[in-house]
Amino acid sequence: MAVVNRTPDSFYDRGATFALDRAVDAALHAERLGADWVDIGGVPFGRGPHVSTAEEIDRTVPVVAAIIAASDVVVSVDTNNARVARAAIEAGASVINDTSGLGDPDMASVIGASDAHLVITHSVGPPRAEKPAAHFGDVVQEVRRFLEERVERAEAAGIRRDRIIIDPGHDLDKNTLHSLEITRRLGELTSLGLPVLAAVSNKDFIGESIGREQGHRLAGSIAAMVACIERGARIVRMHDVAATVDAVRMVENILGLRHPVRLEHNMHPTSNV
């Protein structure tokens, strides 16, 4: 799983893939390295200038169309805007990743009228808005209740359950202790019976946990990803595709979900040590 963020101030690539050709090249390169999905975003997370609906469509739809024309990779679009979601789906996107958890009242109906999958992510309050310091009584139980309610809302709008993915939203309106608790108790969310997406790559909870700045969090990101997979996550959003694919394949072998590429060691009639 890879993330290709076409945003002018993406924290990961610092705008390096903002140009259309670079965004498409990055997506196709991720696919060659083993990514099953690529994810396109038109609005940067956190603070930043306002991006209108028209601007967001202009940033995302051409990328989606170009990737679809050149590849069979699954294209996901990060958006909280139902109008952007509709345009992205019409361009060929098959997943809408809504980090507001259906904050737009029209989002569920837009997805319900399509064949697209929906990622419902836990968050608190409107996106890109200043919020008080993060506080939860029991963060895992509050995230679970939120996701259950939003899943019911999605199903009521005609989105089949087999088209719904849930994401606990590591770091999103949460502090490091909250994200660590969610990771530790992820099984309480995977028990809902829906595919769980874990987006942990380069997150601040990893940086704060191990004292590493951006660009130096790969080992921590992979460790957090493996912990999530062991607890039931089946989709991961990561930046370093090659290292991620190797780590995921190894975990899949350990869990019995994948057969080794080859069997040679101590498998011959003689010369076994």
Report task. Show your working on side-chain contact (heavy atoms from CB on, under 4.5 Å) between Asp138 and Arg185 and close with a plain yes or no. Result -> CA-CA 11 Å; Asp138 184 324; Arg185 296 168 55 192; 3.1 Å; yes

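- Salt-bridge check for Arg217 with Asp240: failed, with every basic side-chain N at 4.0 Å or more from each acidic carboxylate O.
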Requested in this report: Determine, stepwise, if the pair Glu252 / Arg249 fulfils salt bridge (charged side-chain N to carboxylate O under 4.0 Å, His left out).
Outcome: CA-CA 5 Å; Glu252 288 172 335; Arg249 296 295 178 256; 3.2 Å; yes

Query raised in the report: Could you walk me through whether Ile165 and Asp167 pass the side-chain contact (heavy atoms from CB on, under 4.5 Å) check?
Result: CA-CA 7 Å; Ile165 300 162; Asp167 177 355; 6.0 Å; no

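- Contact detail for Leu189 and Val140: the closest heavy-atom pair is CD2-O, 4.0 Å.
- Closest approach of Phe146 and Ser123 over heavy atoms only: CE1-O, 3.6 Å.
- Counting only heavy atoms from C-beta outward, the side chains of Val74 and Val95 approach each other to under 4.5 Å.
- Using a 4.0 Å cut-off between charged nitrogen and carboxylate oxygen, Glu181 and Arg184 count as a salt-bridge pair.
- In this structure a side-chain-to-backbone donor-acceptor pair under 3.5 Å is missing from Ser71 to Ile67.
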**Report entry** Derivation and outcome, side-chain contact (heavy atoms from CB on, under 4.5 Å), residues Arg145 and His122
**Finding:** CA-CA 10 Å; Arg145 285 193 294 270; His122 173 269; over 6 Å; no

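- Salt bridge annotation for Asp98-Arg150: absent, with no cationic side-chain nitrogen under 4.0 angstrom from a carboxylate oxygen.
- Criterion: ILVMFWY side-chain heavy atoms under 4.5 Å apart, direct or through other members. Under it, Leu257 and Ile229 are part of a common hydrophobic cluster.
- Looking at heavy atoms from C-beta onward, Met238 lies out of side-chain contact with Asn202 at the 4.5 angstrom threshold.
- The shortest heavy-atom contact between Ser114 and Ile89 is OG-CD1, 3.7 Å.
- Looking at Thr176, its side chain never comes within 3.5 Å of a backbone N or O of Ser209 through a donor-acceptor pair.
- The pair Glu148-Arg144 meets the salt-bridge criterion, with a side-chain N (NZ, NE, NH1 or NH2) lying under 4.0 Å from an Asp/Glu carboxylate O.
- Val77 and Leu20 fall within the same hydrophobic cluster, where Ile, Leu, Val, Met, Phe, Trp and Tyr residues are linked whenever their side-chain heavy atoms come under 4.5 Å apart, directly or through other members.
- At least one donor-acceptor pair closer than 3.5 Å links the side chain of Asn175 to the backbone N or O of His178.
- Residues Val226 and Leu255 are members of one and the same hydrophobic cluster, defined by side-chain heavy-atom contacts under 4.5 angstrom among Ile, Leu, Val, Met, Phe, Trp and Tyr.
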Report task. Please lay out, stage by stage, how His239 and Ser221 fare under the test side-chain contact (heavy atoms from CB on, under 4.5 Å). Result -> CA-CA 9 Å; His239 294 99; Ser221 296; over 6 Å; no

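- The shortest side-chain heavy-atom distance between Leu102 and Ile111 does not fall under the 4.5 Å cut-off.
- Phe205 and Ile210 fall within a single hydrophobic cluster, where Ile, Leu, Val, Met, Phe, Trp and Tyr side chains are chained together by heavy-atom contacts under 4.5 Å.
- Two residues are said to be in side-chain contact when any heavy atoms from C-beta on lie closer than 4.5 Å; Thr183 and Cys228 meet this criterion.
- Of the possible polar contacts, none joining the Ser179 side chain to the His170 backbone as a donor-acceptor pair under 3.5 Å is found.
- A donor-acceptor pair under 3.5 Å is absent between the side-chain atoms of Lys174 and the main chain of Val139, judged by distance alone.
- In this structure, Lys131 contributes its side chain and Asp173 its backbone to no donor-acceptor pair below 3.5 Å.
- Panel note: side chain Ser109, backbone Asp106; a donor-acceptor pair is recorded below 3.5 Å.
- Ion pairing between a basic and an acidic side chain is recognised when a charged N comes within 4.0 Å of a carboxylate O; Arg153 and Glu149 show such pairing.
- A donor-acceptor distance shorter than 3.5 angstrom exists from the side chain of Asn80 to the backbone of Ser100, with no hydrogens or angles considered.
- Hydrophobic cluster membership differs between Leu177 and Leu172, with clusters built from Ile, Leu, Val, Met, Phe, Trp and Tyr side chains linked at under 4.5 angstrom.
- Remark: side-chain polar atoms of Arg163 are paired, donor with acceptor, to backbone N or O of Ala116 under 3.5 angstrom.
- Although no hydrogens or angles enter the test, the distance criterion places no donor-acceptor pair under 3.5 Å between the side chain of Arg237 and the main chain of Ser201.
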